[in-house]
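Reviewing the structure listed below.
Computed from a prediction, not measured in an experiment: that's the story for all the values here.
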Amino acid sequence: MKAGTTIDRRSHRRERSLTTPEGLRLPIVVGSISARIAALILDFVILILGLIVIYTLLYAIGGGVFEQALQGDADGGSLAAIEFLQILAILVFFVARYGYFLFFELGPRGATPGKRLSGLRIAARDGGRLTAEAVVARNLIRDIELFLPFAFLMIAPSGDMGAAGVAGAVWFLVFMAFPFFNRDSLRAGDVIAGTWVVEAPQTMLADAMSATPSDEIGDRPIGTHYEFSNKELSIYGEHELQTLERVLRDDRQESLQSVHEAICRKIGWDPGSGDERAFLETFYAQLRTKLENDMRFGKRKRDKHS
């Protein structure tokens, strides 16, 4: 059996159907455990490197004070400064440990840098909007799932905690291994928060519905491959998509030209002439893809005003 076939089958087993509150069924792919582990490792590497930079700066700021303390020459003011820097270092660690994940997962992408590099993001399992409460809940549970298990595993072999340490290590290992024993690879935090980690859809530039290479008309060939940026597509919503669909279906040249010019002016393009339908079909395909991808993660743009 070829490796590509095996990968395709594994990906197929992770395919799910998500139903939005509006009743729209959208396909998604649950993120693999290996991808999630890779994302977590990347995030910790980024977090640790960031802390090293911050602590280095703090030491550079208070380096002279620390040297005085080591030599026993520190006065009351220096000791107060050292205590302040120690408290600041603890606060930085606390804010970084929790704030890193909360900041990025509450953002529009719903993903930390590690998840983005691994092609993953968080989504609400009910198809609705990803709420701040859900993100906070899944991150607070990480202590029980990850940090406490490691702490107990480090202490239990020493025997200092006796049977309680062994029992605690086993108990927390259950939480740590939770994603391996459920169909959607959910963490305990995902179960409580109503979230799951899914593969972030890659924006594919769809071919126009009838744009095929042909002879040139005017100053531009029919079927020119247009690529619209996310900013350009974000101008319009579902209402404009439906309007554009009707214009393409009616196929009236005057309407095609009028809408073509209006869209070009709106996104800052030179309208040109001769390939209006190819342009509009490509814009329609890419706008529809963007709106459907956004709806997978609870973001809905009804029209250009919303």
Side-chain angles (χ1 to χ4, degrees), residues 11 15-29 107-111 116 119-121 123-124 127-130 198-306:
S11 178
E15 291 179 359
R16 305 287 185 272
S17 179
L18 182 149
T19 303
T20 68
E22 296 80 18
L24 179 64
R25 295 178 65 84
L26 298 171
I28 64 169
V29 179
R109 295 178 181 272
R116 289 176 58 185
L120 303 173
R121 65 159 296 159
R129 185 180 296 275
L130 185 64
V198 299
E199 291 185 0
Q202 301 298 317
T203 303
M204 302 300 293
L205 298 176
D207 294 332
M209 290 179 287
S210 64
T212 54
S214 182
D215 297 329
E216 291 191 4
I217 297 180
D219 58 354
R220 200 177 299 167
I222 292 180
T224 298
H225 189 68
Y226 295 100
E227 298 181 8
F228 301 101
S229 68
N230 188 65
K231 182 178 179 181
E232 292 165 344
L233 295 172
S234 296
I235 295 175
Y236 296 111
E238 297 171 33
H239 174 72
E240 289 75 26
L241 181 73
Q242 294 170 357
T243 301
L244 180 54
E245 185 175 351
R246 287 195 297 270
V247 170
L248 289 170
R249 188 180 297 115
D250 293 341
D251 198 23
R252 296 173 56 185
Q253 187 60 29
E254 291 182 1
S255 298
L256 293 173
Q257 290 176 346
S258 176
V259 174
H260 171 254
E261 292 177 2
I263 292 177
C264 285
R265 285 197 301 270
K266 193 72 174 178
I267 65 177
W269 282 38
D270 178 11
S273 62
D275 60 344
E276 291 83 2
R277 184 172 182 87
F279 175 94
L280 294 177
E281 286 177 341
T282 309
F283 190 85
Y284 171 85
Q286 294 182 30
L287 177 59
R288 179 169 182 170
T289 298
K290 181 187 183 304
L291 292 174
E292 288 179 347
N293 288 341
D294 287 345
M295 288 182 70
R296 285 185 172 91
F297 306 106
K299 295 192 297 181
R300 185 170 186 180
K301 186 174 178 62
R302 298 182 183 277
D303 54 47
K304 62 184 179 182
H305 303 294
S306 60

Residue pairs fulfilling ring pair (Phe, Tyr, Trp, His ring centres under 6.0 Å) with at least one residue in residues 234-253, sequence neighbours excluded:
Y236-F283

A124 and L130: which non-hydrogen atoms are nearest, and at how many Å?
N-CD1, 4.1 Å

In terms of heavy-atom contacts, I235 and K301 come closest through O-CE, 3.5 Å

Run the side-chain hydrogen bond (donor to acceptor under 3.5 Å, both in side chains) test against R288 and tell me which residues pass, sequence neighbours left out.
Y284, E292

Taking the side chain as every heavy atom from C-beta outward, state whether E199 and L120 have any atom pair closer than 4.5 Å.
yes

If you measure from CD1 on I263 to CD on E232, what distance do you get to the nearest 0.5 Å?
11.5 Å

Just jot down the side-chain hydrogen bond (donor to acceptor under 3.5 Å, both in side chains) partners of D251, sequence neighbours excluded, or say none.
R277

For L248 against E281, the heavy-atom pair lying closest together
CD2-CG, 3.8 Å

Can you list every salt bridge (Lys or Arg N to Asp or Glu O under 4.0 Å) pair that touches residues 239-249, not counting sequence neighbours?
E245-R249

Evaluate the criterion side-chain contact (heavy atoms from CB on, under 4.5 Å) for residue pair I267 and L233; output intermediate values, then yes/no.
CA-CA 8 Å; I267 65 177; L233 295 172; over 6 Å; no

Roughly how far, to the nearest 0.5 Å, is the CD atom of Q286 from the CG atom of N230?
11.0 Å

Nearest 0.5 Å please: distance from the CZ atom of F228 over to the CG atom of L287.
10.0 Å

Within 6.0 Å of CD in Q253, more than 12 heavy atoms from elsewhere:
yes

Can you sort out the partners of R252 under side-chain hydrogen bond (donor to acceptor under 3.5 Å, both in side chains), two or more places apart, ordered by chain and number?
none

So, taking the atom named OG1 in T243 and the one named CD in E238, what distance separates them when rounded to the nearest 0.5 Å?
11.5 Å

Evaluate the ring planes of W269 and Y226, with Trp represented by its six-membered ring, and classify them as parallel (under 30°), tilted (30 to 60°) or perpendicular (over 60°).
tilted

Which residues pass the salt bridge (charged side-chain N to carboxylate O under 4.0 Å, His left out) test with R116, not counting sequence neighbours?
none

Nearest 0.5 angstrom please: S255 OG to L244 CG, how far?
11.5 Å

From CG (L280) to NE2 (H260), nearest 0.5 Å:
6.5 Å

